[in-house]
Amino acid sequence: MNRLVGAALCAFAAAALLIVSSPAAMAAAGNVVVFSTEFERLETYRNPEGCNKLPVSAHVLANLSSSDLVIHGDPLCLTPGSTVSPGYGSHVTPGSGSFSISR
């Protein structure tokens, strides 16, 4: 299990090195990557905007975008949540809901 989590974190780091900066006009240039389980592919949200529903089994979120994002406890981004800055990640509770980009 630790080896798989380590591999997922290495994948996040490798993805971070591959991100190319976009013009400042794009509010959330880059990716948000979500790890759920060892048996599921990583979910990648490219240049996310608006409200994005997380997979039910989401476990770790990595913010590889250029903007802060907020993790919400509901699927419609209606509740207050915790902020994740660019270049950081967060554990998310399975079924936690959604994330939105802070502007």
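Computed over heavy atoms, backbone and side chain alike; hydrogens, waters and symmetry mates excluded.
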Worksheet entry | Side chain Thr44, main chain Val33, donor-acceptor under 3.5 Å | no

Return the minimal non-hydrogen interatomic distance between [X] and [Y], and the atom names on each side.
X: Phe99; Y: Cys77; result: O-SG, 3.7 Å
X: Pro80; Y: His72; result: C-ND1, 4.3 Å
X: Gly30; Y: Pro48; result: O-CD, 3.7 Å
X: Pro75; Y: Lys53; result: CB-CE, 4.0 Å
X: Pro86; Y: Ser65; result: CB-O, 3.2 Å

Worksheet item: Would you say Leu61 and Val70 are hydrophobically clustered, going by side-chain heavy atoms of ILVMFWY under 4.5 Å?
Response: no

Worksheet, complete the sentence: Rounding to 0.5 Å, atoms CG (Leu54) and CD1 (Ile71) come to a distance of 7.0 Å

Discussion item. What's the separation between atom CG in Asn47 and atom OG in Ser66, rounded to the nearest 0.5 Å?
Written reply: 8.0 Å

Fill in: Positive for side-chain contact (heavy atoms from CB on, under 4.5 Å) with Val32, one of Leu69, Asn52, Val84
Leu69

Discussion item. When you compare the side chain of Asn63 with that of Tyr88, does any pair of heavy atoms fall below 4.5 Å?
Written reply: no

Worksheet item: Regarding Asp68 and Thr83, is there a side-chain donor-to-acceptor distance under 3.5 Å anywhere?
Response: no

